[in-house]
Amino acid sequence: MVRAAERAGRPPRTSVWLEDRAPRGGGRGGGGQPSGLDRDRITAATVRLLDAEGLTKFSMRRLAAELNVTAMSVYWYVDTKDDLLELALDAAFGEIRPPDPEAHPDPEPHPGSDPEPHQGPDPKPGPEPGPEPRRSAGRDPDPDPDPDPAPASADWREELRALARAYRALLVRHPWLSSLAGTFLNIGPHAVAFQLAVQRVVRRTGLRTAGQAGALSAVFQFVYGFGTIEGHFVRRCAAAGMSQDDYHRRAMSAVTREPGLREAVRDSADLRQARGDGTVEEIRDRDFAFALELLIAGIETMVRRGE
């Protein structure tokens, strides 16, 4: 077991996924580990607690009580609370099932294009790619590093929609996820699988390599923001013991009674009317779908322009 005294003086840890030791297993062996525990069970319990009580209330003692063990028992399997939160973050990303990469293999790289894929689209991507490779001596600089981008595939749009919807749903199911994804490197195996799946889709759009990272940011930073706000709203309604529609009606009633906000409400009346009838969830789904189509149309426009 790693004790605090043993950790003192060590450099700050970058990620649980960059440890140079294998995860400890369960069972009572020679090291005296508590029986019945392993990292998977501890991680699953962490996800359940975060879903039920939120990030601010989570503690190792609370987790130990959930598992009916002592808090020190948990430290046989993780060194720090942050390590455990990283494991929970990646476990949540495991709920997304990316498309089969064999169905649409990556296009062959073009001369001058990036030799390695960029780290992915999540709110806190992994390490930044390294510097551009040096050009050979005597070669004229090429202002266009990808003169012949891969032809667009008709399937990329629907796959991008599916990945965006899955990411949004994940953020809503786990409102704590957005905070952790913005805190840690997010380089666990499930998160990386999602990142690579998105990269594969964007590579098939026909965009030049130089624009692909921007397309990733445009789509998935939008989804991150939309899903984060939606997830917190859903949790707030649940905490108040109200449906989303009842909560929204009460909030709008309170806002319209406030003199300083009435003008803003009146000015946006036409926007609310244009969104049509329906529940809060239905209207929000329509807003999300339309916004995503705007982004896809933007990618298509940039492809037509050769950018």
Side-chain angles (χ1 to χ4, degrees), residues 47-58 88-89 91-98 121-124 157-183 191 194 198 216-299:
V47 172
R48 289 196 305 271
L49 276 179
L50 291 169
D51 286 344
E53 301 179 2
L55 186 58
T56 57
K57 293 184 179 179
F58 179 79
L89 173 63
F93 267 96
E95 298 171 17
I96 296 179
R97 295 291 179 262
D122 56 283
K124 189 69 175 179
R157 298 165 186 81
E158 192 50 47
E159 287 193 9
L160 190 63
R161 293 183 187 106
L163 287 167
R165 289 192 294 261
Y167 188 31
R168 172 196 171 193
L170 187 73
L171 290 160
V172 174
R173 281 196 306 274
H174 306 296
W176 48 269
L177 186 143
S178 59
S179 177
L180 296 187
T183 300
F194 174 66
V198 174
L216 292 173
S217 295
V219 174
F220 285 91
Q221 292 289 358
F222 152 69
V223 178
Y224 172 77
F226 195 103
T228 296
I229 292 173
E230 180 181 3
H232 287 305
F233 179 76
V234 170
R235 187 174 185 86
R236 191 181 310 122
C237 295
M242 303 172 67
S243 71
Q244 294 183 51
D245 293 304
D246 287 342
Y247 190 98
H248 180 262
R249 279 191 292 268
R250 178 173 293 188
M252 288 302 296
S253 176
V255 167
T256 54
R257 290 196 302 269
E258 177 61 37
L261 297 174
R262 283 182 194 152
E263 184 177 355
V265 173
R266 284 196 301 268
D267 286 348
S268 62
D270 60 330
L271 297 178
R272 294 195 304 277
Q273 184 176 1
R275 293 168 86 185
D277 296 328
T279 65
V280 168
E281 292 180 78
E282 290 169 345
I283 293 172
R284 193 167 52 221
D285 285 345
R286 291 199 296 266
D287 286 348
F288 179 85
F290 185 78
L292 185 57
E293 291 308 304
L294 284 178
L295 292 167
I296 291 173
I299 292 173

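Each residue takes its place number in the sequence, starting with 1. Atom set for the values below is all heavy atoms of this structure, side chains included, hydrogens, waters and symmetry mates excluded.
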If you look at every heavy atom in Ala88 and Leu50, which pair is closest and at what distance?
CB-CD1, 4.1 Å
Gap between atom CZ of Arg48 and atom CD of Glu53 - 0.5 Å precision
11.5 Å
Using the ring-ring contact (aromatic ring centres under 6.0 Å, His included) rule, collect all pairs that involve residues 262-298, keeping only residues at least two apart or in two chains.
Phe222-Phe288, Phe226-Phe288
Partners of Ala166 by side chain to side chain contact (heavy atoms under 4.5 Å, CB included), sequence neighbours excluded?
Ile96
If you compare all heavy atoms of Asp285 against all heavy atoms of Arg168, which two are closest, and at what distance to 0.1 Å?
OD1-NH2, 2.7 Å
When every non-hydrogen atom of Pro98 is compared with those of Leu163, the smallest separation belongs to CA-CD2, 4.5 Å
So, does Tyr224 use its side chain to make a donor-acceptor pair with the main chain of Ser178 at under 3.5 Å?
yes
Once salt bridge (Lys or Arg N to Asp or Glu O under 4.0 Å) is applied, do any residues pair with Asp287, and if so which ones, sequence neighbours excluded?
Arg275
Let me confirm one number: the CZ-CE distance from Arg249 to Met242, rounded to the nearest 0.5 Å.
8.5 Å
Any side-chain to backbone donor/acceptor pair from Asp51 onto His174? Under 3.5 Å, distance only.
no
Pro175 and Gly231: which non-hydrogen atoms are nearest, and at how many Å?
CG-O, 3.8 Å
Closest heavy-atom contact between Leu295 and Ala218?
CD1-O, 3.7 Å
Under the rule for salt bridge (Lys or Arg N to Asp or Glu O under 4.0 Å), what residues qualify as partners of Arg97, not counting sequence neighbours?
none
How many angstroms lie between atom CG of Asp245 and atom CD1 of Ile283, to the nearest 0.5 angstrom?
8.0 Å
With sequence neighbours excluded, what pairs up with Arg235 under the salt bridge (Lys or Arg N to Asp or Glu O under 4.0 Å) test?
none
Measuring from Leu171:CG to Thr228:OG1, what's the distance to the nearest 0.5 Å?
5.0 Å
pair Val198-Val219: side-chain heavy atoms closer than 4.5 Å
no
Identify, with sequence neighbours excluded, every residue that meets side chain to side chain contact (heavy atoms under 4.5 Å, CB included) alongside Ser179.
Leu55, Thr183
Contact list for residues 170-181, test salt bridge (charged side-chain N to carboxylate O under 4.0 Å, His left out), sequence neighbours left out:
Glu95-Arg173
Please list all pairs passing the ring-ring contact (aromatic ring centres under 6.0 Å, His included) test where one or both residues lie in residues 235-255, with sequence neighbours left out.
Phe233-Tyr247
State the CD-CG distance between Glu282 and Asp277, to the nearest 0.5 angstrom.
9.5 Å
Pair listing, ring-ring contact (aromatic ring centres under 6.0 Å, His included) test, anchored in residues 250-279, at least two apart
none
Test salt bridge (Lys or Arg N to Asp or Glu O under 4.0 Å) applied to Glu293 - qualifying residues, sequence neighbours left out
Arg161
Going by the rule side chain to side chain contact (heavy atoms under 4.5 Å, CB included), which residues pair with Gln273 if we only count those two or more places apart in sequence or in a different chain?
none
Output all residues satisfying side chain to side chain contact (heavy atoms under 4.5 Å, CB included) with Val255, sequence neighbours left out; order by chain, then residue number.
Leu261, Val265
Classify the ring geometry between Phe194 and Phe220 as parallel (under 30°), tilted (30 to 60°) or perpendicular (over 60°).
perpendicular
Heavy-atom donor-acceptor pair, Ser268 side chain to Leu271 backbone, under 3.5 Å
no
